[in-house]
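Shown next, in structure tokens, is the structure this report addresses.
For ligands, and for the atoms within them, numbers begin at 1 and follow the listed sequence.
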Amino acid sequence: MLADEIGLTPDLTLELLPESASTNQVAADRAREGAPDGLLVVADHQTAGRGRLDRTWETPPGAAVTFSLLLRPTVPAAAWPWLPLLTGHTVAKALTSFGYDAKVKWPNDVLIDGQKVAGILVERIETDAGPAAVVGVGINVTTDAEELPVPTATSLALAHDDRTPTREGVLLGVVAAVREGYDAWQAGGSEAAARLASSYVAHCATVGQDVRVDLPGGTSLSGRAVDVDLDGRLVVETAGGVEKVGAGDVVHVVPE
Ligand code: BT5
């Protein structure tokens with residue numbers, strides 16, 4: 001069981017659940033009930049974790065960090081698409097500070113050696129106090145090879161078994177990085193937004209890769225990913241010209 005004394009900063013309130021179907025679901029319910037910015041819902045074990053587009057996020061008991069942070073952004077609606085990218089970027093930064101070569105695959109899968117170590121699901125929830133953002137993060141910490149749900153996954157332990165941080169350490173480091181990155185972005189206006197965009201591009205594993213992007217409508221496009229624009233869209237040079245993609249699943253055609 002995760003220790004509940006994890007030393008959070010005072011701008012966070014912890015709700016630690018021994019088990020939960022989905023921390024995003026709990027945080028969304030709390031948001032609708034009026035919970036303030038900074039509520040952190042952590043599940044020691046999550047039994048029905050959600051991915052994007054009705055996909056699932058599967059983690060065995062005791063092996064992962066699964067949490068959702070409730071935020072009440074005041075940035076303009078046009079800036080919201082950056083929230084998942086910001087989260088992926090800051091999660092990768094936190095894992096880098098633990099000694100991992102972590103990178104983001106656009107929009108927000110966190111990879112180590114090209115394998116997915118963390119997934120992010122950001123949801124917008126309409127509440128009486130205005131729109132809230134539920135920032136859900138799942139990280140494979142001590143998961144072993146047999147426990148991984150898909151061959152494209154990895155865990156911190158599989159990446160470096162000799163210096164795997166504890167789940168409490170990962171939770172604390174990642175939450176602090178997300179909160180700090182979010183606060184700087186939220187308070188910093190267009191300058192901070194531009195800084196985030198250039199830092200994201202510099203650290204994104206997708207930029208510079210040949211990619212196939214599977215689009216939400218069922219079609220796909222192929223080409224070279226060359227940039228992420230100020231709206232957070234992936235810029236792809238295809239045979240038919242430049243395309244800007246706001247949502248989709250990227251496959252890196254050449255392994256990074
Ligand atoms: C995601 O979706 O990667 C978002 C995952 C978000 C999980 C967190 S945990 C806390 C919070 N509460 C929730 O209910 N969710 C959030 P997507 O990009 O759609 O990727 C889903 C796909 O990742 C699946 O279809 C699998 O292929 C793969 N996958 C599932 N479990 C995985 C794992 N543990 N590690 C790596 N890949 C996984």
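- Among protein heavy atoms, atom 37 (N) of ligand 1 sits closest to Trp57 CZ3, 3.6 Å.
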Can you check side-chain hydrogen bond (donor to acceptor under 3.5 Å, both in side chains) on Gln46 and Thr59, steps first, answer last?
CA-CA 7 Å; Gln46 186 173 250; Thr59 46; 4.9 Å; no

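- Using a 4.0 Å cutoff on heavy atoms, Val137 counts as a contact of ligand 1.
- Close approach of ligand 1 to Gly49 (heavy-atom distance below 4.0 Å) involves ligand atoms 14 (O).
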Begin from the C-alpha positions of Arg212 and Asp249 and carry the test salt bridge (charged side-chain N to carboxylate O under 4.0 Å, His left out) through to its verdict.
CA-CA 8 Å; Arg212 189 188 77 230; Asp249 284 307; over 6 Å; no

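- Only the side chain of Arg55 comes within contact range of ligand 1, with a heavy atom under 4.0 Å; no backbone atom does.
- For atom 36 (C) of ligand 1, the closest non-hydrogen atom of the protein is Ala153 CB, 3.3 Å.
- Atom NE2 of His160 is separated from atom CG of Asp101 by 8.0 Å, given to the nearest 0.5 angstrom.
- In terms of protein heavy-atom proximity, atom 27 (O) of ligand 1 is closest to Val150 CG1, 3.6 Å.
- In the vicinity of Ser22, heavy-atom distances shorter than 4.0 Å reach the ligand 1 atoms 12 (N), 13 (C), 14 (O).
- For Thr23, a nitrogen or oxygen atom sits less than 3.5 Å from a nitrogen or oxygen atom of ligand 1, counting backbone and side chain alike.
- With Leu70 as reference, Leu39 is the one residue of Asn24, Val26, Leu39, Leu12 to meet the side-chain contact (heavy atoms from CB on, under 4.5 Å) rule.
- If you check which protein heavy atom lies closest to atom 35 (N) of ligand 1, you get Asn140 ND2, 2.9 Å.
- Numbered from 1 in the order shown, with element, the atoms of ligand 1 that lie under 4.0 Å from a heavy atom of Asp109 read 18 (O).
- Of the protein's heavy atoms, Thr56 O, 3.3 Å lies nearest to atom 30 (C) of ligand 1.
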Stepwise, does the salt bridge (charged side-chain N to carboxylate O under 4.0 Å, His left out) test hold for Asp113 with Lys103?
CA-CA 9 Å; Asp113 295 331; Lys103 293 214 156 49; over 6 Å; no

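- Backbone and side-chain nitrogen or oxygen atoms of Thr66 are examined, and none is located within less than 3.5 angstrom of a nitrogen or oxygen of ligand 1.
- Residue Thr59 places no N or O, backbone or side chain, under 3.5 Å from any N or O of ligand 1.
- Leu86 and Val134 fall into different hydrophobic clusters, where Ile, Leu, Val, Met, Phe, Trp and Tyr residues are linked whenever their side-chain heavy atoms come under 4.5 Å apart, directly or through other members.
- Considering Arg52, Glu58, Lys105 only, the shortest heavy-atom separation from atom 34 (N) of ligand 1 involves Glu58.
- Cation-pi geometry between Arg50 and Trp57 is not met: the NZ or CZ atom fails to fall both under 6.0 Å from the ring centre and inside 45° of the normal.
- The Asn24 neighbourhood of ligand 1 comprises atoms 11 (C), 12 (N), 16 (C), with distances under 4.0 Å to a heavy atom of that residue.
- Protein heavy atom closest to atom 9 (S) of ligand 1, with residue, atom name and distance, is Gln46 NE2, 3.3 Å.
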Would you check, one step at a time, whether the test side-chain hydrogen bond (donor to acceptor under 3.5 Å, both in side chains) holds for Thr127 with Arg72?
CA-CA 10 Å; Thr127 79; Arg72 293 192 177 271; 2.9 Å; yes

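- What sits closest to atom 23 (O) of ligand 1 on the protein, heavy atoms only, is Lys116 NZ, 3.4 Å.
- Neither the backbone nor the side chain of Thr152 has a heavy atom within less than 4.0 Å of ligand 1.
- Ring geometry for His89 versus His203: interplanar angle of 30 to 60°, hence tilted.
- The proximity of Ser68 to ligand 1, defined as any non-hydrogen pair under 4.0 Å, is limited to the side chain.
- For atom 15 (N) of ligand 1, the closest non-hydrogen atom of the protein is Arg50 O, 2.9 Å.
- Ring to ring, Trp82 and Tyr200 are close: their centroids are under 6.0 angstrom apart.
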Please determine whether side-chain hydrogen bond (donor to acceptor under 3.5 Å, both in side chains) holds for the pair Thr143 and Ser155, giving the CA-CA distance in whole Å, both sets of side-chain angles, and the decisive distance to 0.1 Å.
CA-CA 6 Å; Thr143 327; Ser155 69; 4.8 Å; no

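- When each of Thr166, Val170, Leu171 is paired with Glu168, the side-chain contact (heavy atoms from CB on, under 4.5 Å) condition holds for Thr166 and for no other.
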